[in-house]
*Asks:* 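Here you go, one structure.
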Amino acid sequence: MGVVQATLEESAAKYKVSNCIDCGKCTWGCPVSRRAGDFSPRRVVEDYVGAGNLAGDRGLWECMTCGMCTQLCTSGVEFHEFVREVRPSLRRLISPETTHSDVFQIIQNVSSFSHVKPRTNNWVTVDLEIDPNSSTLLFVGCTPYFDVVFRHLRNDLLEIPRATVRLLNQMGIRPRLLEHERCCGHDAYWLGDVDTFDRLAKANIEAIRATGVDEVVTFCPECYAALKDLYPRFVGDLGFRVRSATAMIGEAVKSRRIMLRDSGKTMTYHDPCRLSRHSNIIQEPREILKGMGGLVEMPRSGSISACCGVSCWVNCGASAKEWQLDRLREARATGAQGLVTACPKCLVHFSCAMHEHSGQNQGEVVPVSDIHVLASGSIRGE
Amino acid sequence: MSWKPKIVAFCCNWCAYAGADLAGISRRQYSPNIRILRVMCSGRVDPALILKCYEQGADGVMVLGCHPGDCHYLAGNEEAQKRVESVRELLGLLGIDDRRLLLEWVSASEGDRFARVTNDFVARIGELGPLGGGASDS
Ligand code: FES
């Protein structure tokens, strides 16, 4: 009996050598790779390894930095952070294709000028308990600007900050607001516009520190990720805590500090990437929906949630809309009566997809709403 | 006191721009502080374009089109009115005084009116001061 020589195929299978090259999970999960065009995280890396540079790859602007590739990678590649970090030099070769005639990039930039003093608290109504001496500050973000630009899509965007305050009030928190709040800079950071981000971050940190608050609360997942994760990358310890209003509300619903009425409806939840993959806030929003009746999950949810299709107001087009409609169909297929999200931008994107396509596809999609607004409308005793 | 207001004037091709021409031909004096940008219709001036002017250092922006009912694309000036209204809201959020934005109608035969509207606006911006440096922006 001699040693049985394994065939080449057997050895390859035994030592799983093909895993080295045929993984491709990043590209499989990438929302941009699903669209027309040839973007693929894997190919970007292959080109880089081969040519040693990125040669002004336009595809790098199409990446939505949603982090799905990083989530799925078994080799620990943080591809979306790689994309972000090469964008400042990419900007010099080729610029991103912005949406809405660049209006949000302009607003962001103007908002960073020291001589401009934004006033975004136009949504405050008399029933909201705001306390100028509070140790908790609510950071509002760009929703008031979205309200102006997207009112034709939905006229209830300002209900989001209002609902957040109502829910915080239920928890005994009467937040204060910044007199002059600037854009958080999230988009500038992810688009490689480091100078604008730097100005915005510094101005906001300075303004928040000047109030002496212990904590900042945000309802926008991008403001949350910016304040919580990005600002400390530049200035280290902020001197205040950053919390997600959505997470706080979820915990309060779970511990019954906030009592919600059963709406009699079953909803499905779309995880915003900045809240789920980037910040690991996955369970808390689900507690809110469970507290209001039923929650049913879409196949792509939690840490492998599908992206809403557009990020940082760049690269929106027919294929992005198709991606969004596909997500709405996925929501409908769960049997849920509505799709709920926790991000003002996801909300705008899905509302746009519905609005633009309501003609032929009305029956296929589901109504979309914001989780804070929904919860606030269901506070027991209201 | 060497500051001079920088003002952008979007003029529609068919009325306001022709009005500016007439003002020139008739030797009406108007302020040299405006930079005229000819557009086919006032309705073409989208909110981002207006905001871009302030971003790039303008102290004031004028949008000048045909009188209501006279737009050569039927209702472009009505569109301009809506757009200017939303820019006013955005300016409010950014803390920029919305008196820095003017929408007016000037016909091709109104050279005098063009000069008057322009001079009045330049004077207004002169009073408001430079964007950001003026007391009116909060
Ligand atoms: S052509 Fe003059 S406003 Fe439309």
Side-chain angles (χ1 to χ4, degrees), chain A residues 95-124 140-153 155 157-158 161 177-184 187-188 193 195-196 199-200 203-204 207 313-314 316 344, chain B residues 3 5-8 10 37 39-61 63 75-76 78-101 103 125 128-138:
Chain A
S95 16
E97 274 172 34
T98 55
T99 64
H100 308 94
S101 313
D102 215 22
V103 74
F104 295 113
Q105 284 79 9
I106 297 170
I107 288 172
Q108 181 170 255
N109 196 23
V110 172
S111 152
S112 78
F113 296 165
S114 59
H115 62 261
V116 165
K117 302 270 184 275
R119 287 186 175 276
T120 50
N121 298 332
N122 59 332
W123 48 271
V124 178
V140 179
C142 289
T143 300
Y145 298 101
F146 300 163
D147 165 60
V148 177
V149 179
F150 298 116
R151 207 171 286 150
H152 62 290
L153 294 178
N155 57 12
L157 290 171
L158 292 182
L177 303 165
L178 275 181
E179 192 185 357
H180 303 300
E181 184 192 292
R182 298 169 195 279
C183 164
C184 71
D187 291 0
D193 182 359
D195 294 340
T196 305
R199 282 198 302 276
L200 289 166
N204 279 325
W313 309 111
V314 296
C316 179
Chain B
W3 173 74
K6 280 200 224 64
I7 291 164
V8 176
F10 291 101
L37 285 175
V39 288
M40 287 312 282
C41 173
S42 63
R44 185 262 173 268
V45 183
D46 76 56
L49 215 45
I50 299 175
L51 287 180
K52 187 92 190 160
C53 297
Y54 300 105
E55 185 199 28
Q56 298 296 312
D59 301 298
V61 179
V63 180
E78 290 170 26
E79 190 56 37
Q81 203 149 18
K82 285 189 217 145
R83 291 177 152 196
V84 161
E85 278 317 307
S86 58
V87 178
R88 288 195 195 286
E89 284 193 66
L90 294 173
L91 290 178
L93 292 170
L94 286 166
I96 296 174
D97 191 326
D98 81 339
R99 284 176 294 171
R100 295 184 181 278
L101 174 59
L103 175 69
I125 299 301
L128 292 175
L131 175 59
S136 61
D137 305 295
S138 60

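In what follows, chains are A, B, ... by sequence order, proteins preceding strands, each numbered from 1.
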*Asks:* Counting C-beta onward and ignoring hydrogens, is there a side-chain heavy-atom pair between B/Ile96 and A/Val110 closer than 4.5 Å?
*Replies:* yes

*Asks:* So which heavy atom on B/Glu89 is nearest to which on A/Val148, and how close?
*Replies:* OE1-CG2, 3.7 Å

*Asks:* What's the shortest heavy-atom distance between B/Leu94 and A/Ile107, and which atoms?
*Replies:* CD2-O, 4.1 Å

*Asks:* If you look at every heavy atom in B/Ala48 and A/Ser101, which pair is closest and at what distance?
*Replies:* CB-O, 3.0 Å

*Asks:* For A/Arg182, which atoms come within 4.5 Å of any heavy atom of chain B: side chain, backbone, both, or neither?
*Replies:* neither

*Asks:* For the CG atom of B/Asp46 and the CG atom of A/Asp102, what is their distance to the nearest 0.5 Å?
*Replies:* 10.0 Å

*Asks:* Before giving the answer on side-chain contact (heavy atoms from CB on, under 4.5 Å), spell out for A/Gln105 and B/Lys52 the whole-Å C-alpha distance, their side-chain angles and the decisive distance to 0.1 Å.
*Replies:* CA-CA 10 Å; A/Gln105 284 79 9; B/Lys52 187 92 190 160; over 6 Å; no

*Asks:* Name the one of B/Leu51, B/Ile50, B/Leu49 that satisfies side chain to side chain contact (heavy atoms under 4.5 Å, CB included) with A/Ile106?
*Replies:* B/Leu51

*Asks:* Does the side chain of A/Phe113 come within less than 4.5 Å of B/Glu55's, by heavy atoms?
*Replies:* yes

*Asks:* In Å and rounded to the nearest 0.5 Å, what is the CG to CZ distance from B/Leu93 to A/Arg119?
*Replies:* 11.5 Å

